[in-house]
Amino acid sequence: MTRRTCPKCGLVNFAVNDVCRRCGAALDDPEPIDREPLVESARTPGLRRRLLWVAGVTITLIFLWSRSLLLTSDAIDDAQGLSVRQSIRLLEHAGFAKEVVVLRHFANYRATDNWWNLYVGHHDAYAATNFPLGVVTLYPAFFAVPVDEIERAAILLHESQHLLGSGEEAALEYVWRHKQRIGWTAQQYSETRVWKNTREWTASAFPAMFRCGQDGRSDCPP
């Protein structure tokens, strides 16, 4: 594109004009109009590289963190592993599909506390789960206190909720509402330590679940 600037009054005229539209003076030869450079849109490759770098660093840190938990703790032995597998099979037969998947394929079972558990503390616990790293610590009480594999299955069902991202209260509620599916009932287990502990912890978090029956203090049906 070209234009003609009037040498007398300075008006910018079209290239086809021979005289100024304002003052009528003769116009010089047309002069080219420089196009303004187009503003380049922001390129995504740079942003994509930064996001990939952040993702890579995050994955590396999580991997190192999980390795540190395994290196500072001991694995369960073969007999303990057999007990865990039997309890998981009970959950499988009861239809807890997603819980079985995480317990069987994503959990790394340990027999002693790692450095993080020692720092946080898990007093009076049967087990502890480090989310989202999949490290499940089974304390001696997990193997000694439950009267059978059904009660161990109830504990593992609780830990599966942590593996899936649920908090403590949500895990307590879930297990208590679904306990009959694995045959964990008051008729057979109301006097065991695991039952009493779990009922006490659940009632503390959800007192409304224990206000049924003639005495107003019984377990409400799910």
Side-chain angles (χ1 to χ4, degrees), residues 62-168 170-202:
I62 291 176
F63 174 78
L64 294 176
W65 185 16
S66 65
R67 294 305 96 182
S68 72
L69 299 186
L70 298 180
L71 291 173
T72 56
S73 61
D74 298 327
I76 59 175
D77 59 31
D78 292 340
Q80 293 169 334
L82 176 60
S83 179
V84 169
R85 290 191 294 273
Q86 291 173 344
S87 298
I88 294 176
R89 278 196 291 270
L90 285 174
L91 295 176
E92 185 175 28
H93 293 156
F96 293 98
K98 64 180 180 180
E99 288 82 1
V100 168
V101 169
V102 295
L103 288 169
R104 184 173 284 164
H105 301 292
F106 294 97
N108 197 320
Y109 297 99
R110 315 302 289 177
T112 59
D113 269 326
N114 53 64
W115 68 268
W116 180 248
N117 284 354
L118 290 173
Y119 176 76
V120 175
H122 290 83
H123 303 293
D124 302 324
Y126 294 106
T129 296
N130 300 113
F131 177 82
L133 306 178
V135 178
V136 180
T137 305
L138 302 176
Y139 297 110
F142 173 84
F143 300 100
V145 175
V147 297
D148 57 20
E149 301 304 332
I150 289 180
E151 289 206 318
R152 293 189 186 90
I155 297 173
L156 289 181
L157 183 61
H158 180 104
E159 298 307 315
S160 73
Q161 300 310 297
H162 293 320
L163 289 169
L164 292 169
S166 297
E168 181 66 15
L172 286 168
E173 181 184 17
Y174 186 85
V175 172
W176 199 257
R177 291 191 182 280
H178 296 84
K179 60 186 181 298
Q180 292 186 357
R181 288 175 57 182
I182 58 175
W184 199 40
T185 62
Q187 288 78 5
Q188 296 184 16
Y189 296 93
S190 61
E191 297 302 317
T192 69
R193 178 178 162 185
V194 175
W195 179 278
K196 291 179 179 179
N197 287 157
T198 306
R199 190 183 192 283
E200 177 186 353
W201 297 331
T202 309

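Starting from 1, each residue takes its place in the sequence as its number.
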Q: Scan residues 69-81 for pairs that pass side-chain hydrogen bond (donor to acceptor under 3.5 Å, both in side chains), counting only residues two or more places apart or in two chains.
A: S73-R110
Q: Given side-chain contact (heavy atoms from CB on, under 4.5 Å), test F131 with L164 step by step and report yes or no.
A: CA-CA 8 Å; F131 177 82; L164 292 169; over 6 Å; no
Q: Could you note down all residue pairs passing salt bridge (Lys or Arg N to Asp or Glu O under 4.0 Å) where residues 80-93 supplies at least one of them, sequence neighbours left out?
A: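 Output for this query lists E92-R104.
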Q: How far apart are the C-alpha atoms of E151 and T192, what are their side-chain angles, what is the distance that settles it, and do they pass the side-chain contact (heavy atoms from CB on, under 4.5 Å) test?
A: CA-CA 9 Å; E151 289 206 318; T192 69; 2.6 Å; yes
Q: Taking C-beta and beyond as the side chain, do T137 and T112 meet within less than 4.5 Å on heavy atoms?
A: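 Not in contact.
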Q: Within this structure, what is the CG-CH2 distance for the pair L71 and W115, rounded to the nearest 0.5 Å?
A: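 Reported to 0.5 Å precision, the distance equals 12.0 Å.
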Q: Could you measure the distance from the OG1 atom of T202 to the CH2 atom of W195? Nearest 0.5 Å is fine.
A: 9.5 Å
Q: Apply side-chain contact (heavy atoms from CB on, under 4.5 Å) to residues I150 and L90 and explain how you reach the verdict.
A: CA-CA 7 Å; I150 289 180; L90 285 174; 3.9 Å; yes
Q: Looking at side-chain heavy atoms only, is the closest gap between R193 and Y126 below 4.5 Å?
A: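 A side-chain contact under 4.5 Å exists here.
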Q: What's the shortest heavy-atom distance between A154 and W184, and which atoms?
A: CB-CE3, 3.8 Å
Q: Any sub-3.5 Å donor-acceptor pair from N117's side-chain atoms to V120's backbone N or O?
A: no
Q: How close do A75 and A111 get, counting heavy atoms only, and between which atoms?
A: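 In this case the closest contact between A75 and A111 is O-CB, 3.8 Å.
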Q: What's the shortest heavy-atom distance between P146 and A141, and which atoms?
A: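 Nearest pair, atom of P146 first, then A141: CD-O, 3.1 Å.
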Q: Quick check: closest heavy atoms across L163 and A107, and the distance to 0.1 Å?
A: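 Heavy atoms only, the tightest pair is CD1-CB, 4.0 Å.
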Q: With sequence neighbours excluded, tell me which residues meet salt bridge (charged side-chain N to carboxylate O under 4.0 Å, His left out) with E191.
A: K196
Q: Please report the interatomic distance OG1(T129) to OH(Y109), rounded to the nearest 0.5 Å.
A: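 The OG1 atom of T129 sits 8.5 Å away from the OH atom of Y109.
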Q: Drop me the distance from S87's OG to L157's CG, to the nearest 0.5 angstrom.
A: 11.0 Å
Q: Of all the heavy-atom pairs spanning A128 and E159, show the shortest one and how long it is.
A: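 Minimum heavy-atom contact is C-OE1, 3.7 Å.
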Q: Say you draw a straight line from CZ of R152 to CZ of F143; how long is it, rounded to the nearest 0.5 Å?
A: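 The CZ atom of R152 sits 7.5 Å away from the CZ atom of F143.
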Q: May I ask you to test the Q161-E99 pair for a side-chain heavy-atom distance under 4.5 Å?
A: yes
Q: Using a 4.5 Å cut-off on heavy atoms from C-beta on, say whether the side chain of L156 contacts that of L138.
A: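 Counting from C-beta outward, L138 and L156 do come under 4.5 Å.
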Q: Do the side chains of D148 and Y189 get nearer than 4.5 Å, heavy atoms only?
A: yes
Q: Got a second to check how far S166's OG is from Y174's OH, nearest 0.5 Å?
A: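 Between S166 OG and Y174 OH, I get 9.0 Å after rounding to 0.5 Å.
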Q: Hey, does W116 have a side-chain heavy atom less than 4.5 Å from the side chain of V135?
A: no
Q: Are W176 and W201 near enough that their ring centres are under 6.0 Å apart?
A: no
Q: Does the side chain of I182 come within less than 4.5 Å of F96's, by heavy atoms?
A: yes
